[in-house]
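Numbered from 1 within each chain, the chains take letters A, B, ... in sequence-line order.
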2 protein chains.
Amino acid sequence: MLQVSRKFEYGLHAVTYLATKGLGRVVTVKEMADEMGFSQEFLSKAMQSLKRAGIAASVQGVKGGYRLGKAPEEITVADIAIAIEGEPHLVRCGVKADRCEIFSSCHHRGYMNILQHKIQALLDETTIHTLLKEIER
Amino acid sequence: MLQVSRKFEYGLHAVTYLATKGLGRVVTVKEMADEMGFSQEFLSKAMQSLKRAGIAASVQGVKGGYRLGKAPEEITVADIAIAIEGEPHLVRCGVKADRCEIFSSCHHRGYMNILQHKIQALLDETTIHTLLKEIER
DNA sequence: TTAAATAGGACTATTTTAAACCTATTACCC
DNA sequence: GGGTAATAGGTTTAAAATAGTCCTATTTAA
Ligand code: SF4
Ligand code: SF4
């Protein structure tokens, strides 16, 4: 169905939240989950992924929480997708060749790989900064 | 994971097969499944979808089978994707608004829709004709 | 020392995809 | 007309991916 995952959407919402309402402070997962209306536990997983990728930074302990790990100009939608879903694989042979039983006789692999890179480039051309400007309008 | 479905890949292989080895005749699902090495029953479903969309045409009965329903220049990768997977919905609110519980407070819906149309445009810019030329090289 | 937070492993439930199964219909050919 | 090889398509089952929960450990401010 070629649909983005829920976790990615949660992550994208969280990043824009941090970039607008989280300036100069750390924001708890609880606050974000309450404010945006989704599962605290699940959002927590998304935040952990974003943190590992350096998109978010965390402070542990009481009064802890998350803030952005980079400037909004330096975070692209692709960065968030990769942080949360891992490297993209439009076709299963991208994950591992033996995941496709017709690998050796496949003729459209080249095209599929080009397509994947084009989609990736689309995700890469929008930063959180530009996304926020579009939202404001 | 943003991966295309198996059924779509089967369909794309079948269309290129018909466009190269199916000239001036009808090809059975059995032949294509044997030749390309995948499930006859499953490919059959893909062919039925392609037929409904007019991409393939069928002849029933003994000596029946499939041939292309349009010229390779007139079939785009997007046509095949839509025939097999239905209208694309990068986000779940595209299917139906109430499939997303945060619909009313979502700020990135607009961007996601633009993104979807850009991806769709990418799929639309490659016809089977141009795809085959790329494969030949 | 308590409490509120992140970190992360393990598990469960739900949904989607892939595939198989089965029956009907069509039409060639003897 | 009857047998057979094909498409047409509905229903069911199996496998995989996604979504979400649960639980425990660790960190740190107060
Ligand atoms: S069909 Fe081709 S492109 Fe698709 S997974 Fe198999 S080898 Fe890769
Ligand atoms: S989060 Fe926004 S874009 Fe995604 S499904 Fe919900 S309303 Fe649509």
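- Residue pairs meeting the ring-ring contact (aromatic ring centres under 6.0 Å, His included) criterion with at least one member in residues 5-58 of chain B, sequence neighbours excluded, are His108(A)-His13(B), Tyr10(B)-Phe38(B), Tyr10(B)-Phe42(B).
- Ranking dC28(C), dG20(D), dG9(D) by closeness to the Val62(B) side chain, first place goes to dC28(C).
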What pairs of donor and acceptor atoms, side-chain ones from residues 123-132 of chain B against any protein atom, are under 3.5 angstrom apart with sequence neighbours left out?
| from | atom 1 | to | atom 2 | distance (Å) |
| --- | --- | --- | --- | --- |
| Asp124(B) | OD1 | Thr76(B) | OG1 | 2.9 |
| Thr127(B) | OG1 | His129(B) | N | 3.3 |
| Thr127(B) | OG1 | Thr130(B) | N | 3.1 |
| Thr127(B) | OG1 | Thr130(B) | OG1 | 3.4 |
| His129(B) | ND1 | Glu73(B) | OE2 | 3.3 |
| Thr130(B) | OG1 | Thr127(B) | N | 3.1 |
| Thr130(B) | OG1 | Thr127(B) | O | 2.9 |

### Message
What verdict does the side-chain contact (heavy atoms from CB on, under 4.5 Å) test give for Asp98(B) and Phe103(B), after you've listed the backbone C-alpha separation in whole Å, the side-chain angles of each residue and the deciding distance to 0.1 Å?
### Response
CA-CA 7 Å; Asp98(B) 67 2; Phe103(B) 185 84; over 6 Å; no
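- Side-chain atoms of Lys7(A) and base atoms of dG20(D) include no donor and acceptor less than 3.5 Å apart.
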Review point. Given Met32(A) and Val27(A), is the side-chain contact (heavy atoms from CB on, under 4.5 Å) satisfied, shown in steps?
Key: CA-CA 7 Å; Met32(A) 287 192 282; Val27(A) 180; 3.6 Å; yes
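- Nearest-nucleotide positions on DNA chain C for Tyr66(A) and Arg99(B) put Tyr66(A) closer to the 5' end.
- Between Ser58(B) and dA8(D) there is a side-chain polar atom (N or O) within less than 4.0 angstrom of OP1 or OP2.
- The distance between atom CZ of Phe42(B) and atom C1' of dA14(D), rounded to the nearest whole Å, is 13 Å.
- Rounded to whole angstrom, the span from the CZ atom of Arg6(A) across to the P atom of dT15(C) amounts to 13 Å.
- Put simply, CG on Leu43(B) is 15 Å from C1' on dG9(D), counting in whole angstrom units.
- Mapping Val59(A) and Gln3(A) onto DNA chain D by nearest heavy atom places Gln3(A) closer to the 5' end of the strand.
- Across the protein-nucleic acid pair, Leu18(A) atom CG and dT6(C) atom P stand 11 Å apart, rounded to whole Å.
- In the hydrophobic clustering of ILVMFWY residues, with side-chain heavy atoms under 4.5 Å counting as a link, Val26(A) and Val62(A) come out apart.
- Residues Met36(A) and Ile102(B) are not in side-chain contact: their nearest non-hydrogen atoms beyond the backbone lie 4.5 Å or more apart.
- Nucleic acid contact for Lys51(B): sugar-phosphate only, since backbone atoms but no base atoms lie under 4.0 Å from a heavy atom of the residue.
- Listed candidates were dA8(D), dC21(C), dA10(C). Nearest to the side chain of Lys45(B) is dC21(C).
- Between Arg52(B) and dA8(D) there is no side-chain polar atom (N or O) within less than 4.0 angstrom of OP1 or OP2.
- Closest to the side chain of Gln60(A), out of dA6(D), dA7(C), dT7(D), is dA7(C).
- Look at CD on Glu41(B): it is 7 Å from C1' on dC21(C), rounded to the nearest Å.
- When each of Lys63(B) and Lys63(A) is assigned the nucleotide of DNA chain C with its nearest heavy atom, Lys63(A) is the one assigned upstream, toward the 5' end.
- The CG atom of Leu2(B) sits 16 Å away from the P atom of dT16(C) (whole-angstrom rounding).
- In terms of modelled atom types and a separation under 3.5 Å, the side chain of Gln40(B) and the main chain of Ala33(B) share no donor-acceptor contact.
- In terms of modelled atom types and a separation under 3.5 Å, the side chain of Arg52(A) and the main chain of Ala83(A) share no donor-acceptor contact.
- The CD-C1' distance, from Gln48(A) to dA5(C), rounds to 12 Å in whole Å.
- Consecutive Watson-Crick or G-U pairs involving DNA chain C, each under 3.5 Å on both distances, make up stems of three or more pairs at C:1-30 with D:1-30.
- Both Gln40(A) and Glu85(A) lie close to DNA chain D; mapped to their nearest nucleotides by heavy-atom distance, the more 5′-ward contact belongs to Glu85(A).
- Relative to the side chain of Arg92(B), the nucleotides dA19(D), dT26(C), dT6(C) differ in distance, and dA19(D) lies closest.
- Taking atom CD of residue Glu101(A) and atom C1' of nucleotide dA18(C), one finds them 11 Å apart after rounding to whole Å.
- OP1 and OP2 of dA7(C) both lie 4.0 Å or more from every side-chain N or O belonging to Ser44(A).
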